[in-house]
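What follows is a set of notes on a single structure, which appears directly below.
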There are 2 protein chains.
Amino acid sequence: MERVSQPKASKWDELATDWCPVARAMSVIGDRWTLLIVRDCFLGKSRFEEFQKSLGITRHVLSDRLKRLVELGVLERNAYSKRPLRYTYTLSEKGRDFAPTLIGLKDWGKKHMPIRKPAAV
Amino acid sequence: MERVSQPKASKWDELATDWCPVARAMSVIGDRWTLLIVRDCFLGKSRFEEFQKSLGITRHVLSDRLKRLVELGVLERNAYSKRPLRYTYTLSEKGRDFAPTLIGLKDWGKKHMPIRKPAAV
DNA sequence: GAGTGTAGGTTCCTTTTGTGAACGGAGAAT
DNA sequence: ATTCTCCGTTCACAAAAGGAACCTACACTC
């Protein structure tokens with residue numbers, strides 16, 4: 001993504017101002033990782049390393065997504081330690097309001113994407 | 001994406017078999033366009049050109065996504081005309097079950113991503 | 001029977017994103 | 001004084017998306 005502070009009109013920006021609220025929501029979570037980071041927040045995770053271990057996402061992308069989620073107001077960044085400076089990322093109200101969407105996806109995934117054990121022959 | 005018939009283990013495939021149903025759902029809709037195609041189906045659209053015009057997506061990506069959604073069983077492809085051969089893409093039950101997720105996103109988008117008129121000065 | 005239009009793609013090339021591994025810096029622990 | 005943990009950043013390369021043109025097949029009209 002890397003479009004922090006790049007004012008070029010892209011498909012992403014077009015989506016963000018689309019007439020349809022679903023499209024505008026997709027401009028926030030329309031990628032592989034963003035909503036999974038939010039899910040991890042719901043599960044109590046709050047630190048960089050926790051997300052990284054949980055998701056197996058590259059550190060680069062995680063860094064970018066966290067920055068973006070904070071900019072968008074979905075997450076809040078709070079120092080939990082000065083010296084060394086460390087931050088936690090926690091859900092704002094805007095972030096918590098993803099709960100119904102996550103529940104919808106959880107139900108869908110449970111029903112339509114059953115786990116297939118890797119054929120223990 | 002272009003991973004139709006490419007059996008390489010990628011992050012996408014890992015997600016598809018994740019322990020978490022949300023992650024498995026994201027392996028299906030974790031990109032910019034897929035869920036918007038599904039939304040268009042809910043709105044009654046069913047043909048290639050309709051999706052293309054509605055979304056402004058490149059034909060290439062649209063072609064790929066439709067193929068994938070049919071493979072995954074989210075959409076059904078039916079010939080509505082032989083000679084010339086033409087298809088409609090319509091929701092299966094698996095696809096219709098995205099309704100709660102879409103409603104969740106619609107509500108979130110309405111509440112948290114208000115439309116900003118482009119400053120009609 | 002040549003030209004125009006429509007539907008549904010595919011091809012080709014460029015730009016944008018993501019991946020993976022390594023590097024860094026600032027304490028904390030041993 | 002070295003090692004470890006946390007939170008990133010940098011770099012080189014791979015994958016995906018974007019944009020425009022092209023193709024096939026039929027229908028319509030002149």
Side-chain angles (χ1 to χ4, degrees), chain A residues 1-15 26-37 40 45-71 75 77-90, chain B residues 1-15 26-37 40 45-71 75 77-90:
Chain A
M1 231 159 270
E2 313 303 343
R3 65 197 182 297
V4 174
S5 78
Q6 259 158 311
K8 291 191 257 184
S10 72
K11 288 286 175 186
W12 287 107
D13 304 301
E14 284 174 37
L15 271 192
M26 288 307 283
S27 81
V28 175
I29 58 133
D31 78 288
R32 203 153 39 189
W33 301 117
T34 300
L35 205 55
L36 294 177
I37 293 172
D40 272 4
K45 297 189 171 57
S46 67
R47 283 148 64 157
F48 193 92
E49 292 296 319
E50 289 181 298
F51 298 125
Q52 212 273 315
K53 272 172 198 135
S54 156
L55 299 172
I57 186 176
T58 61
R59 311 178 73 76
H60 185 83
V61 173
L62 176 57
S63 175
D64 181 70
R65 292 302 181 281
L66 288 173
K67 212 171 286 173
R68 208 162 88 75
L69 285 169
V70 169
E71 279 173 9
L75 298 184
R77 191 175 81 141
N78 294 295
Y80 70 91
S81 145
K82 309 194 58 132
R83 337 207 26 67
L85 204 41
R86 296 274 183 278
Y87 298 98
T88 54
Y89 299 87
T90 54
Chain B
M1 226 158 272
E2 316 303 342
R3 65 200 182 296
V4 174
S5 79
Q6 258 160 312
K8 292 191 255 183
S10 74
K11 290 285 176 186
W12 288 106
D13 303 302
E14 285 174 36
L15 272 192
M26 287 307 282
S27 81
V28 175
I29 57 131
D31 77 288
R32 202 150 44 187
W33 301 116
T34 301
L35 204 56
L36 294 177
I37 293 171
D40 273 3
K45 296 188 172 58
S46 66
R47 284 148 64 156
F48 192 93
E49 295 294 321
E50 290 180 300
F51 298 126
Q52 211 273 313
K53 272 171 198 135
S54 156
L55 298 173
I57 187 177
T58 60
R59 310 177 73 75
H60 184 82
V61 173
L62 176 56
S63 175
D64 181 69
R65 292 301 181 281
L66 288 173
K67 212 170 287 174
R68 210 162 86 75
L69 285 169
V70 169
E71 278 174 11
L75 298 184
R77 191 175 80 142
N78 294 295
Y80 70 91
S81 145
K82 309 194 60 136
R83 335 206 28 69
L85 205 41
R86 298 274 183 275
Y87 298 98
T88 55
Y89 299 87
T90 54

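Lettering of chains follows the sequences in order, A, B, ..., and the numbering in each one begins at 1.
Among the protein residues, A/F51 comes within range of no part of the nucleic acid, since none of its heavy atoms lies under 4.0 Å from any strand.
If you take NE2 of A/H60 and P of C/dG20, they are 13 Å apart, rounded to a whole angstrom. The separation between B/I37 atom CD1 and C/dG9 atom P is 12 Å, rounded to whole Å. If you measure from atom CZ of A/R68 to atom P of C/dT16, you get 17 Å, rounded to the nearest angstrom. In this entry the distance linking CG of B/L66 with C1' of C/dA7 reads 13 Å, nearest Å. Rounded to an integer number of Å, the gap from B/D64 CG to C/dG9 C1' is 12 Å. Atom P of nucleotide C/dG9 and atom CD1 of B/I57 are separated by 13 Å, given to the nearest angstrom. Remark: C1' of C/dA7 and CZ of B/R77 are 14 Å apart, rounded to the nearest angstrom. Atom CG in B/L62 sits about 8 Å away from atom P in C/dG9, given to the nearest Å.
Residues B/F48 and B/L62 are in side-chain contact: their nearest non-hydrogen atoms beyond the backbone lie under 4.5 Å apart.
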Practice task
Output, in order, the C-alpha distance, side-chain angles, deciding distance and verdict of side chain to side chain donor-acceptor pair (under 3.5 Å) for B/R47 and B/Y87.
Solution key: CA-CA 7 Å; B/R47 284 148 64 156; B/Y87 298 98; over 6 Å; no
Inset, instruction - Report the C-alpha separation of B/D31 and B/R65 in whole Å, then their side-chain angles, then the decisive distance to 0.1 Å, and conclude whether the side-chain contact (heavy atoms from CB on, under 4.5 Å) test is met. - result: CA-CA 10 Å; B/D31 77 288; B/R65 292 301 181 281; 3.0 Å; yes
Pairs under 3.5 Å (N/O, protein and nucleotides 23-27 of chain D):
residue: D/dC26; atom: OP1; partner: B/R83; partner atom: NH1; Å: 3.1
residue: D/dC26; atom: OP1; partner: B/R83; partner atom: NH2; Å: 2.9

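Contact annotation: B/S63 reaches the phosphate of C/dT10 (side-chain N/O to OP1 or OP2, under 4.0 Å). A sub-4.0 Å separation between OP1 or OP2 of D/dG8 and a side-chain N or O of A/Y89 is present. For B/W12 and C/dT19, the shortest distance from a side-chain N or O to OP1 or OP2 is not below 4.0 Å. The phosphate of D/dT5 has neither OP1 nor OP2 within less than 4.0 Å of any side-chain N or O from A/K53. B/K11 has no side-chain polar atom (N or O) that falls below the 4.0 Å cut-off from OP1 or OP2 of D/dA15.
In this structure, the separation between CZ on B/R32 and CH2 on A/W12 is 4.5 Å, given to the nearest 0.5 Å.
Considering only side-chain atoms of B/R65, the nucleotide from D/dA17, D/dC7, C/dT19 that sits closest is D/dA17. Closest approach to the A/K67 side chain among C/dG18, C/dC12, D/dT9 is made by D/dT9 (side chain taken as heavy atoms from C-beta onward). Listed candidates were C/dG8, D/dA17, C/dT19. Nearest to the side chain of A/R32 is C/dT19. Here the side chain of A/F48 is nearest to one of D/dG8, C/dT19, D/dC6, namely D/dG8.
In this model, no donor atom of one side chain and acceptor atom of the other lie less than 3.5 Å apart for A/T88 and A/N78.
Without hydrogens or angle criteria, B/Q52 side chain to B/I57 main chain gives a donor-acceptor distance under 3.5 Å. Judged purely by atom type and a 3.5 angstrom limit, B/R68 has no side-chain atom pairing as donor or acceptor with the backbone of B/S63.
Nearest-nucleotide assignment on DNA chain D puts the 5′-proximal partner with A/Y80, out of A/Y80 and A/E14.
With respect to the salt-bridge test (charged N to carboxylate O, under 4.0 angstrom), the residues A/E49 and A/R59 qualify.
Judged by atom type and distance alone, B/R59 reaches the base of C/dG8 through a side-chain donor-acceptor pair under 3.5 Å.
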